[in-house]
Amino acid sequence: MIDISVKGLVKSFEQDKNILDGLSFEVNTGERVGILGRNGCGKTTLFRILTGELRSDEGTVSIYKGKRLGLISQIPVYPEGYTTDMVLQDAHRRLYAMQERINALTAEMASDHSPQVLEEYDRLSAEFQRCGGYDMERERNRVANGLDIPPAMRAQPFDSLSGGEKTRVNLARLILEDTDILLLDEPTNHLDLNATEWLEDYLRKFHGTVLAISHDRYFLDQVTQRSIEIHDGKAEFYNGNYSFYVVERQRRFDEQLKKYEKDQAKLEQLQKAAAQLHLWAFMGNDKLHKRAFSMEKRMEKLQQTERPKTDRKLTVKFQESEFLADEVMVVDNVSKAFGDRTLFSDLTLDIRGGERIALIGDNGTGKSTFLKLIMNEETPDTGFIRKGPAVRTAYLPQIVTFPVAERSIYDTMLYETKCTPQGARDRLAAFGFMGEDVFKPVGALSGGERSRLKLCMLMGEQVNLLILDEPTNHLDIASREWMEDALSDYTEALLFVSHDRYFIEKFATRVWELRDGHITDYKGTFSQYREYKARQAQFVQAAKNAEKQDAPKPKKEQRKRPPNIEKQIAKLEKEIEKLEAQSAQLDAQSEEFASDYQKLLDIAEEKETITAQLEQLYADWEDLSGLL
């Protein structure tokens with residue numbers, strides 16, 4: 001069954017330039033599809049058209065009748081005073097309305113025993129149970145815990161939350177609504193590693209359809225089964241996840257380039273042959289013109305083969321200073337608190353030359369604060385941080401700002417790096433700032449553009465300790481690959497905070513995990529760290545299981561055996577047999593009086609009493625039998 005059908009979609013925001021230009025594709029029920037393409041190619045525009053927020057200029061969008069569709073990037077406006085928990089409860093508004101109607105029907109049935117009322121009550125009760133009405137609170141707690149929405153945040157007014165926190169809450173609301181089709185626009189942007197992995201696990205078990213826009217390549221690999229790339233306003237299809245897409249895209253590029261080069265060689269050969277035939281025709285053999293014209297028609301077809309385009313690769317590299325010492329930085333007994341909240345204490349660590357360290361941990365644990373201590377932007381409460389005498393540090397913060405917001409990109413590059421005008425142009429072009437774009441004011445840049453510009457500036461400095469705080473957070477996939485190209489040839493010490501598992505796996509040779517105010521040092525790659533954590537979790541579970549098995553069991557001799565125990569057991573068995581017979585009789589009466597609502601209520605009440613008595617008798621019988 002087809003959940004989404006898009007045919008001939010056209011949308012433009014500028015005259016004579018279509019951002020979507022005949023986009024067509026279909027998505028079947030239960031598919032997980034990654035929507036790929038450069039920033040500005042129309043991915044988010046497509047999602048806004050699918051939800052009805054935007055109208056297309058041409059084409060049609062069809063959503064299967066009755067399917068509920070939700071978009072994570074849309075954050076609804078709630079009434080003033082709405083708490084976060086009220087927002088989560090809003091996801092179950094349909095169940096709450098159903099519950100109110102059931103309560104109203106219950107009151108109505110006290111005086112109205114009509115079949116219509118009973119039928120509606122039975123239908124709504126069954127639907128309420130099927131939709132998880134009795135598990136609403138448990139499900140809210142499960143989703144909130146998985147997405148790191150603690151009780152304190154749930155009690156806060158929703159309007160007081162940060163943009164990232166609102167995004168997390170909105171994602172939780174969307175999940176709780178049990179939507180049929182999920183449209184996820186950068187869902188992992190404000191999630192830490194644990195929350196991201198929880199979301200991946202949820203989506204793997206999700207029975208509906210998922211369309212995901214993401215720059216998190218690891219997330220796309222884990223979640224998607226198929227990829228659609230929007231290129232020049234049209235759809236290109238790849239029957240696999242992101243890793244498959246990368247390999248297949250390169251294969252197609254190589255194949256198209258080979259065909260182009262072959263056609264160009266053939267074209268050159270035909271041009272020479274046609275020119276020779278025309279020359280001979282002018283010398284007296286007019287019939288050769290016809291053969292030359294036939295060749296020129298073949299040439300027209302060959303000229304239609306376009307040379308495949310590829311993104312410009314990063315060519316600027318970091319300038320590394322000559323550094324001979326092994327000790328880059330020492331952290332000795334460092335602690336930091338803000339008021340009553342202690343972020344971390346007694347941190348003792350060191351960084352050696354050439355190490356690449358990933359600092360990971362949940363949001364709010366103090367990772368960025370730790371980097372600010374290293375950069376002397378904050379002062380430790382205890383201890384000290386000492387760098388080697390020849391260490392030159394470069395720092396890319398999570399939020400990049402520039403001293404003069406009105407200054408252009410080009411002028412900012414000239415003023416802050418002291419490079420030549422041509423050097424500024426070349427370096428900016430390598431990072432995607434070309435043409436008239438270099439004259440835009442830096443204050444008008446997006447977060448990702450500011451990060452790219454700052455990195456471009458850092459690459460001109462002589463650096464032997466590079467510190468990066470969420471370096472890929474605002475970058476599209478192409479920009480992340482540019483950054484990785486630059487860092488691949490950087491051989492000095494690197495310390496970075498990141499939730500991008502693809503990036504961490506590529507660069508980390510050592511992992512620092514900040515948890516509960518302490519940093520645990522893991523020597524090895526990110527995958528080795530994950531394997532270690534998985535083994536530790538298995539050991540902890542095995543120890544818990546062993547404790548249960550080794551726990552002393554009560555011995556029969558420890559309890560005094562009451563007299564006439566056999567008679568007591570026999571008596572219990574007779575009582576159990578009697579009550580079981582009464583229970584079976586009540587079951588028969590339920591079928592007999594199926595249309596008498598009041599009688600059914602009386603039977604249900606009596607059966608509940610008998611069931612409770614039976615459970616107690618079963619427990620007494622088991623207890624006495626254990627003493628034999």
Side-chain angles (χ1 to χ4, degrees), residues 34-35 39 43-48 50-51 53 68-79 82-92 139-179 181-203 206 210-220 222-223 361-365 367-368 398-399 446-448 450-451 469-470 472-477 497-501:
I35 306 297
N39 280 355
K43 301 188 296 293
T44 299
T45 299
L46 168 65
F47 274 17
R48 293 173 67 191
L50 290 176
T51 60
E53 184 185 349
R68 291 171 295 167
L69 184 146
L71 172 61
I72 182 54
S73 65
Q74 291 177 327
I75 300 178
V77 177
Y78 295 98
Y82 238 59
T83 65
T84 300
D85 206 46
M86 289 177 181
V87 173
L88 297 178
Q89 290 177 22
D90 187 63
H92 290 139
E139 187 67 6
R140 278 198 302 275
N141 292 336
R142 183 183 72 85
V143 174
N145 292 337
L147 291 175
D148 191 23
I149 304 172
M153 187 191 296
R154 292 173 68 173
Q156 283 181 249
F158 182 72
D159 287 342
S160 69
L161 302 182
S162 68
E165 289 170 336
K166 285 181 178 179
T167 300
R168 291 211 310 274
V169 172
N170 190 48
L171 176 58
R173 179 191 61 81
L174 197 61
I175 289 172
L176 287 168
E177 281 184 348
D178 197 22
T179 310
I181 303 171
L182 284 175
L183 304 182
L184 305 179
D185 193 350
E186 295 296 345
T188 65
N189 258 8
H190 301 284
L191 303 183
D192 56 32
L193 284 175
N194 288 332
T196 298
E197 289 176 352
W198 182 92
L199 177 61
E200 289 170 353
D201 184 61
Y202 171 83
L203 292 175
F206 179 60
V210 178
L211 270 67
I213 298 170
S214 182
H215 296 147
D216 186 335
R217 294 157 290 181
Y218 199 98
F219 174 83
L220 289 172
Q222 294 295 307
V223 171
D362 293 343
N363 289 339
T365 53
K367 302 184 299 297
S368 293
Q398 190 171 152
I399 300 174
S446 67
R450 287 197 298 269
S451 293
D469 190 358
E470 294 287 1
T472 63
N473 211 26
H474 302 287
L475 303 183
D476 61 17
I477 290 177
V497 171
S498 182
H499 292 144
D500 185 340
R501 291 161 294 175

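Given the structure is predicted, the values throughout are model-derived calculations rather than measurements.
Scanning all heavy atoms of the two residues, the minimum distance from Ala195 to Leu191 falls at CB-CB, 4.0 Å. Counting all heavy atoms, side chain and backbone alike, Thr84 lies closest to Met153 at OG1-O, 2.9 Å. Minimum heavy-atom separation, Leu220 to Ile477: CD1-CD1, 4.3 Å. The nearest pair of heavy atoms linking Arg68 to Thr179 is O-CG2, 3.0 Å. Minimum interatomic distance between Asn170 and Leu71 (heavy atoms only, all atoms of both residues): ND2-O, 4.2 Å. Residues Gly70 and Leu174 share a closest heavy-atom pair of CA-CD1, 3.5 Å.
In this view, Arg450 satisfies the side-chain hydrogen bond (donor to acceptor under 3.5 Å, both in side chains) rule with no residue, not counting sequence neighbours. In terms of the ring pair (Phe, Tyr, Trp, His ring centres under 6.0 Å) criterion, Tyr218 has no residue partners (sequence neighbours excluded). Partners of Glu200 under the salt bridge (charged side-chain N to carboxylate O under 4.0 Å, His left out) rule, at least two apart in sequence or in another chain, are Arg501. With sequence neighbours excluded, the residues that form a salt bridge (charged side-chain N to carboxylate O under 4.0 Å, His left out) with Asp90 are Arg93. By the salt bridge (charged side-chain N to carboxylate O under 4.0 Å, His left out) test, Arg168 is found to be paired with no residue, residues two or more places apart in sequence or in another chain being considered. Legend: residues meeting side-chain contact (heavy atoms from CB on, under 4.5 Å) with Asp201, ordered by chain and number and at least two apart, are Arg204, Lys205. Under the salt bridge (charged side-chain N to carboxylate O under 4.0 Å, His left out) criterion, Asp500 pairs with Arg217, Arg480, not counting sequence neighbours. Taking His499 as the reference, Glu470 meet the side-chain hydrogen bond (donor to acceptor under 3.5 Å, both in side chains) condition, with sequence neighbours excluded. Partners of Ser368 by side-chain contact (heavy atoms from CB on, under 4.5 Å), not counting sequence neighbours, listed by chain and number: Gln398, Asp469.
The distance from the CG atom of Leu182 to the CD atom of Glu177 is 10.0 Å, given to the nearest 0.5 Å. Rounding to the nearest 0.5 Å places CZ of Arg173 at 8.0 Å from CZ of Phe158. Atoms CG and CZ, on Asp185 and Phe47 in that order, are 6.0 Å from each other to the nearest 0.5 Å.
Looking at Leu171 and Leu184, their side chains come closer than 4.5 Å, going by heavy atoms from C-beta outward. The closest side-chain heavy-atom distance from Leu199 to Ile175 is below 4.5 Å. Using a 4.5 Å heavy-atom threshold, the side chains of Leu50 and Ile181 count as separate. At a threshold of 4.5 Å between non-hydrogen side-chain atoms, the residues Leu203 and Phe219 count as touching. Under the 4.5 Å side-chain criterion, counting only non-hydrogen atoms from C-beta, Thr472 is not in contact with His215.
Between the Lys43 side chain and the Ala212 main chain, no donor and acceptor come within less than 3.5 Å of each other.
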With a 3.5 Å cut-off and sequence neighbours excluded, list the donor-acceptor pairs that the side chains of residues 142-152 form with protein atoms.
| from | atom 1 | to | atom 2 | distance (Å) |
| --- | --- | --- | --- | --- |
| Arg142 | NE | Glu139 | OE1 | 3.2 |
| Arg142 | NH2 | Glu139 | OE2 | 2.6 |
| Asn145 | ND2 | Asn141 | O | 3.0 |

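Residues in residues 150-165 take part in these salt bridge (Lys or Arg N to Asp or Glu O under 4.0 Å) pairs, two or more places apart or across chains: Asp85-Arg154.
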